[in-house]
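Take a look at the structure below.
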There are 2 protein chains.
Amino acid sequence: MNVGEVAALAGVTVRTLHHYDRIGLLSPSGRTAAGYRRYSAADLGRLHQVLLYRELGFPLEEVATLLDDPSADPAEHLRRQHRLLRDRLDRTAAMVAAVEKEMEARHMGIDLTPEEKFELFGDWLPEEYEAEAQERWGETEAWAQSQARTRAYTKDDWVRVQAEGEDVEARMAAALQAGVAPDSPQAMDLAEEARQQISRNFYDCSPEMHAGIGRTYVEDERFTAHYERRAAGLAQWVSTAVQANAARQGA
Amino acid sequence: MNVGEVAALAGVTVRTLHHYDRIGLLSPSGRTAAGYRRYSAADLGRLHQVLLYRELGFPLEEVATLLDDPSADPAEHLRRQHRLLRDRLDRTAAMVAAVEKEMEARHMGIDLTPEEKFELFGDWLPEEYEAEAQERWGETEAWAQSQARTRAYTKDDWVRVQAEGEDVEARMAAALQAGVAPDSPQAMDLAEEARQQISRNFYDCSPEMHAGIGRTYVEDERFTAHYERRAAGLAQWVSTAVQANAARQGA
DNA sequence: TGCACAGCCTGACGTCGCGTCAGGGTCAAG
DNA sequence: CTTGACCCTGACGCGACGTCAGGCTGTGCA
């Protein structure tokens with residue numbers, strides 16, 4: 001295959017293949033009389049490995065040493081790539097969950113501490129520092145500032161949206177106090193209403209997402225407090241209702 | 001907070017923050033009399049957004065225009081980030097699956113075509129080109145070359161490993177021909193034996209992974225052919241047994 | 001047979017996102 | 001009042017290509 005064909009197949013530019021040739025990472029196994037690069041099937045296999053390792057963030061020089069190591073058989077590479085990809089999958093899933101948590105926090109007017117926002121990036125988070133930073137940035141100042149910013153970004157119908165949320169929450173509280181079981185159809189209908197309201201006004205919220213959010217209502221104390229201020233036991237009640245509703249949708 | 005503290009919290013270097021300051025992407029909201037950069041809570045919030053978009057592959061200049069766009073409120077950013085992260089999650093999951101398929105292909109001495117290997121990278125794959133390339137690189141030459149490479153990488157106990165696989169496959173074929181149902185405990189035990197053999201000799205193969213692989217036994221004709229050469233209906237039988245076994249492990 | 005035009009070649013310089021000194025001021029602790 | 005950790009501003013370097021420039025090659029078709 002010519003360089004252009006390989007480039008199209010692999011989704012890279014010709015320049016990239018030139019580059020890989022010059023640095024000795026991937027030299028085509030042949031050339032035509034006119035000097036055209038000719039790539040064999042084996043070359044394509046190597047390119048595939050190169051692109052996988054590159055995608056995983058390895059510098060090209062390291063990719064070369066990995067692939068040229070005669071003691072590492074292909075299965076070894078596959079195992080390593082599999083492990084690295086699974087790590088990345090976990091990390092991405094964690095980031096998705098973090099963003100979802102932030103969405104919900106914003107929805108409810110709660111602001112996360114900087115530590116929480118960054119915990120996915122820091123990787124290591126020195127323990128002793130944590131307490132100190134918590135004190136400096138916790139609750140008071142950061143909270144107030146963020147609230148101010150929220151107001152600044154607010155649009156005209158913000159009030160209406162908040163009222164809608166209020167309405168559902170109030171009816172949930174009433175149901176709780178009337179003794180309605182959180183896994184009853186009536187409770188699930190309220191949960192579903194809440195979910196659709198979020199989807200309409202904030203972000204597209206699938207039943208699975210909603211279930212995940214429901215869990216944080218009891219796991220994260222600030223979310224818990226938000227509901228408990230309205231009625232004792234409401235956080236747990238809503239959490240259960242939301243999850244029951246999600247299970248119902250899934251079935 | 002001073003630049004060093006912010007750097008530690010966010011998991012970046014001081015140099016990076018200097019850089020973001022100079023290019024105007026993130027300028028600290030204050031300075032001390034001595035010229036020290038002082039970051040506010042709002043600055044940290046912006047940094048968080050910057051790092052998320054950076055992680056998602058945006059060039060810094062584009063990140064700046066995104067964040068400085070006055071018409072885009074924070075919720076808008078969260079929605080976009082959520083969508084992009086989910087895309088990435090799907091893509092990574094697809095890559096994991098592809099690597100698992102390759103592991104299994106190698107295990108069974110089957111070589112995937114270059115098109116299959118690259119389908120995750122190409123993104124678009126021109127239709128007309130596909131058939132042509134298939135012809136050039138399909139079955140014959142690529143297959144033979146790859147087999148040769150596989151032999152070259154082979155280690156001393158390769159023979160033993162192959163024999164083990166042979167043994168299990170032969171017993172599966174015997175069970176099929178003896179009329180053993182593929183979802184019977186006996187069949188599931190054979191499937192489990194196969195799974196543990198893969199784990200020992202090739203790569204760590206969870207029941208879920210094994211179930212996924214089992215599906216390809218009937219979905220990919222080359223895997224199917226591998227089993228059908230031994231006995232008619234064996235591919236479907238093994239696939240069912242493997243999935244039944246995975247379900248049993250999961251319960 | 002000639003020509004147009006897509007595709008290939010080799011330099012060579014530019015870019016982005018920082019890493020890495022160099023040379024010098026700042027600050028809290030002892 | 002010194003020591004050591006931390007901060008500042010240049011300025012150069014680097015990895016992984018992008019992007020011309022200037023020129024050769026290969027092929028369909030008039």
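Naming convention: chains lettered A, B, ... in sequence-line order (proteins, then strands); numbering from 1 in each chain.
Map B:Leu60 and A:Arg37 each onto its nearest nucleotide of DNA chain C; the residue landing nearer the 5' end is A:Arg37. Looking at which nucleotide of DNA chain D each of B:Val3 and A:Ala33 is closest to, the 5′-most match is held by B:Val3.
Within the structure, every side-chain polar atom (N or O) of A:Thr32 is placed at least 4.0 Å from both OP1 and OP2 of C:dC8.
Using a 4.0 Å cut-off on heavy atoms, the residues of residues 18-26 of chain A that approach DNA chain C are A:His18, listed by number.
Rounding to whole angstrom units, CD of residue B:Glu5 and C1' of D:dC7 are separated by 12 Å. Atom CD of B:Glu61 is separated from atom P of D:dG18 by 17 Å (rounded to the nearest Å). A:Arg54 places its CZ atom 16 Å from the P atom of D:dG15, with the value rounded to the nearest Å. The separation between A:Leu17 atom CG and D:dC17 atom P is 10 Å, rounded to whole Å. Atom pair B:Asn2:CG and C:dG25:P shows a separation of 19 Å (rounding to whole Å applied). When the P atom of D:dT9 is taken as reference, atom CZ of B:Arg15 falls 11 Å away, rounded to whole Å.
A:Glu100 and B:His82 are linked by a side-chain donor-acceptor pair at a separation below 3.5 angstrom, with hydrogens and angles left out of the test. In summary, the side chains of A:Ser40 and A:Ser29 do present a donor paired with an acceptor at a separation below 3.5 Å, with no hydrogens or angles considered. Judged purely by distance below 3.5 Å, without hydrogens or angles, the side chains of A:Gln49 and A:Gln81 pair a donor atom with an acceptor atom.
On a pure distance criterion of 3.5 Å, a polar donor-acceptor pair joins the side chain of A:Tyr36 and the base of C:dG7.
Judged by distance alone, with hydrogens and angles left aside, the side-chain atoms of A:Arg46 form a donor-acceptor pair with the main-chain N or O of A:Leu25 at under 3.5 Å.
A:Thr13 comes within 4.0 angstrom of the backbone, heavy atoms only, and of no base.
Here the closest heavy-atom approach between residue A:Ala7 and residue A:Leu17 is recorded as N-CD1, 3.8 Å.
Look at B:Arg37 and B:Asp43 and you find no salt bridge, because none of the NZ, NE, NH1 or NH2 atoms lies under 4.0 Å from a carboxylate O.
Closest to the side chain of B:Pro59, out of C:dC18, C:dG17, D:dA16, is C:dG17.
Put simply, the residue from B:His48, B:His77, B:Glu62 that forms a side chain to side chain donor-acceptor pair (under 3.5 Å) with B:Tyr53 is B:His77.
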